[in-house]
Amino acid sequence: MSETLSARAPTFYDEVVAETNGLGGELKTCIQCGTCGGSCPSGPDMDHTPRGIFAMIDAGHKEDVLKSNTPWYCVSCYYCVVRCPQDIHITDIMYALKRLAIKAGYYQETAQDKAPEFSETFIGFVENNGRSFELGLATRYHLRYHPLDAFKMATGMGLKMFTKGRMDILPPKIKNISQLKSILNKAKELGGAA
Amino acid sequence: MKFSYYPGCSLERNARSYHQSTMAIAEPLGLEFDEVEDWNCCGATEYFAINKIPAYALVSRNLALAAGQNGSRELVAPCSACYINLKKTDHALAESPELRSKIDQALEAGDLAYQPGSLNVQHLLETIVKEVGYEAVEEQVTKPLYNLRVAPYYGCMVPRPSAMESFDDPEHPMSMDKLFETLGAIVVDFPLKAQCCGGHMTQISEETALEMIRRLLKNADDYGADMIATVCPMCQLNMDAYQDAVNQHFGTDYNIPVVYFTQLIGLAFGISPKELGFGSELISADAALAKVTEEPPKEKRRRRVKKNAGLPMPVMPEEG
């Protein structure tokens, strides 16, 4: 990615920058000021603050970075992005780290963290129907990973949502699902395996 | 004024009252909404976490359909996540030729095409305050929301659509504050109005999510809000449906209804609560709405500034 680094093998840093689609390329200008972590609403529950993660990326600690819960605890609120004095697109870098973690398969070793499965279950419905499906998401994801929560959902809040007419029983579906599937299949082919 | 309209999955069901109230206020506001035919999900905050090119392709199908419907250049989304995904994708396609060439090929597989920049993506709040304007809103007010104390909640993605330019201040947005004043309501100070509601964290780490929701409820309660008004289905769902869980977890007893800003506009326009979808919130808004009076509040809540006392300072709420 970087013109000065082209002579040697790509480092983990290069890998991260490449994955951000040019949107996170200013990462090298991080001055380690910590404004990102200080602005982060879920920062206290992260293994490492974004600032720490950026230092680790720079130092090539690939495994520690990709096993960290930090990107998965990013709520995508963009506070850090608007406050970063170096205009680094931190949220997009967090999305890139999530994708790299899935690609590397590291997240499977961190049992407490089921965030990737949540995203994948959500997207499964979208890929097949063109629409998201809350009930299906809640039951499929919870029964698999948090059976007790699924029970809580079904008897408490889920039931209330039903009675208020706020949950579909059957998955909604778009008309031209074959068109969407062709587009997504082609996109997957072009995007590589990830 | 004619606008393409992208409701998004939430407005089809869980946030139906947002859709109903939007449709109900469209005519008095002079807005004509043309729903994008056969639109698909925007991927929320999930698809970009898994697979980049398909995530952009998913959103691009919507852009292509909206642009091909030869209605309007303006595409309106009421949901914060849909808004940011549509806007971000249009922006990214214009910025990155490499991405664009891949998305062009993907769309072609479905006989579609999209020229970046051919749409102007806006959030519904933006449409109402910028395109319609406060004066035109005020003209339609027949039942002012006198004495109703509202906490305007913007959440994260509307004031901060990534690094792209926002129509309001990214940290101290004021557009909804002004809008509710126009409707006659008392707009309370709400320092956390642009903080995140936690998004999907209720599903990933409930403790993290409940703490984020608790902060918002406490803040609105501290400043004496009768209700919270929001611009996003995710924010409404988190603060409304998880309010019980917050109370259980922290031993609190919050009972703050969370409604959509369009529902309040509709009420002030004299539209019936039923038509605006009131009643579908889990924390009932009835008690709060009963506070609305026909006469404006007698006392103007304007604090006198003593001479030579410097600038007025914000007032801290009393700790409960």
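It should be emphasised that the depicted structure is a prediction, and the values quoted were computed from it without experimental measurement. These numbers come from the heavy atoms of this one structure, side chains and all, not from hydrogens, waters or symmetry mates.
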Problem - Pick from B:P161, B:C156, B:C41 with the largest number of heavy-atom pairs that fall under 4.5 Å of chain A - result: B:C41
Practice task
Quick one: closest heavy-atom pair of A:P41 and B:Q195, and the distance?
Solution key: CB-OE1, 4.0 Å
Problem - B:K52 side chain to A:G191 backbone, donor-acceptor under 3.5 Å - result: no
Practice task
Using a strict cut-off of less than 4.0 Å between a Lys/Arg side-chain nitrogen and an Asp/Glu carboxylate oxygen, indicate whether A:R166 and B:D240 qualify as a salt bridge.
Solution key: yes
Practice task
Mind ranking B:M212, B:E207, B:R16 by heavy-atom pairs under 4.5 Å with chain A and telling me who comes out on top?
Solution key: B:M212
Completion exercise
Given B:G199, B:S162, B:A241, the one with more heavy-atom pairs under 4.5 angstrom with chain A than any other is B:S162
Fill in the blank from the handout: Of A:N185, A:D168, A:V75, A:V82, the largest count of non-hydrogen pairs under 4.5 angstrom with chain B goes to A:D168
Problem - Stepwise side-chain contact (heavy atoms from CB on, under 4.5 Å) check, B:R61 with A:L184 - result: CA-CA 10 Å; B:R61 178 175 178 271; A:L184 294 181; over 6 Å; no
Problem - Test: A:E134 and B:R13 ion pair at under 4.0 Å - result: no
Exercise for the section: Look at B:A44, B:A55, B:A109 and state which one has the largest set of heavy-atom pairs under 4.5 Å with chain A. Expected result: B:A109
Exercise for the section: Would you mind checking if A:K186 and B:E108 are paired as a salt bridge, meaning a charged N to carboxylate O distance below 4.0 Å? Expected result: no
Fill in the blank from the handout: Distance col, row A:M161:CE vs B:N14:CG, nearest 0.5 angstrom, shows 4.5 Å
Fill in the blank from the handout: Applying ring-ring contact (aromatic ring centres under 6.0 Å, His included) to B:Y154 and not counting sequence neighbours gives none
Fill in the blank from the handout: Bottom line for B:A194: the part with an atom under 4.5 Å from chain A's heavy atoms is both
Completion exercise
To the nearest 0.5 Å, atom CD1 of A:I123 lies from atom CG of B:N51 at 9.5 Å
Exercise for the section: Let me see the working for A:K160 and B:D244 under side-chain contact (heavy atoms from CB on, under 4.5 Å), right down to the final yes or no. Expected result: CA-CA 12 Å; A:K160 283 188 201 158; B:D244 271 359; 2.7 Å; yes
Practice task
Considering only heavy atoms and a distance below 4.5 Å, find which of A:M94, A:K173, A:E127 pairs most often with chain B.
Solution key: A:E127
Problem - Short side-chain to backbone donor-acceptor contact, A:K98 and B:I50, under 3.5 Å - result: no
Completion exercise
Closest non-hydrogen atoms of B:L107 and A:I183, given as atom of the first, atom of the second and distance, are CD2-CD1, 4.1 Å
Exercise for the section: Specify which of A:C84, A:S42, A:G165, A:S178 makes the most heavy-atom pairs with chain B at under 4.5 Å. Expected result: A:G165
Problem - Identified ring-ring contact (aromatic ring centres under 6.0 Å, His included) counterpart of B:H200 within the set A:F118, A:W72, A:Y73 - result: A:F118
Handout entry: Trace of the side-chain contact (heavy atoms from CB on, under 4.5 Å) decision for B:F48 with A:D92
Key = CA-CA 9 Å; B:F48 282 100; A:D92 285 305; over 6 Å; no
Fill in the blank from the handout: Residue from B:C42, B:A106, B:A209 scoring the most non-hydrogen pairs under 4.5 Å with chain A is B:A106
Completion exercise
Tightest non-hydrogen contact, residues B:M157 and A:S76, listed as CE-O, 3.5 Å
Problem - Heavy-atom contact with chain B under 4.5 Å, split by part of A:F122 - result: side chain
Problem - Sole candidate of B:P159, B:C197, B:C196 that passes side-chain contact (heavy atoms from CB on, under 4.5 Å) when paired with A:C77 - result: B:C196
Handout entry: N/O donor-acceptor pair under 3.5 Å between B:N40 side chain and A:L180 backbone
Key = no
Fill in the blank from the handout: Nearest heavy-atom approach of A:R131 to B:C9 is CD-SG, 3.8 Å
Exercise for the section: Measure A:T91 against the heavy atoms of chain B and call it side chain, backbone, both or neither at under 4.5 Å. Expected result: neither
Practice task
List the atom of B:W39, the atom of A:I174, and the distance in Å for their closest heavy-atom pair.
Solution key: O-CG2, 3.2 Å
Completion exercise
Per-residue tally against chain A (heavy atom, under 4.5 Å) across B:E211, B:R215, B:E37 peaks at B:R215
Completion exercise
Under 4.5 Å to a heavy atom of chain A? For B:E171 that would be both
Practice task
State, yes or no, whether a side-chain contact exists between A:Q179 and B:L112 at a heavy-atom distance under 4.5 Å.
Solution key: yes
Fill in the blank from the handout: Turns out that what part of A:D45 lies under 4.5 Å from chain B's heavy atoms comes down to side chain
Exercise for the section: Quick one: pull up CD in B:E12 and OG in A:S132 and give me the separation to the nearest 0.5 Å. Expected result: 9.5 Å
Practice task
Side chain from CB out, backbone as N, CA, C, O: work out which of these in B:I103 comes under 4.5 Å of a heavy atom of chain A, or both, or neither.
Solution key: neither
Completion exercise
A:K188 and B:P54 have their tightest heavy-atom pair at CG-CG, 3.5 Å
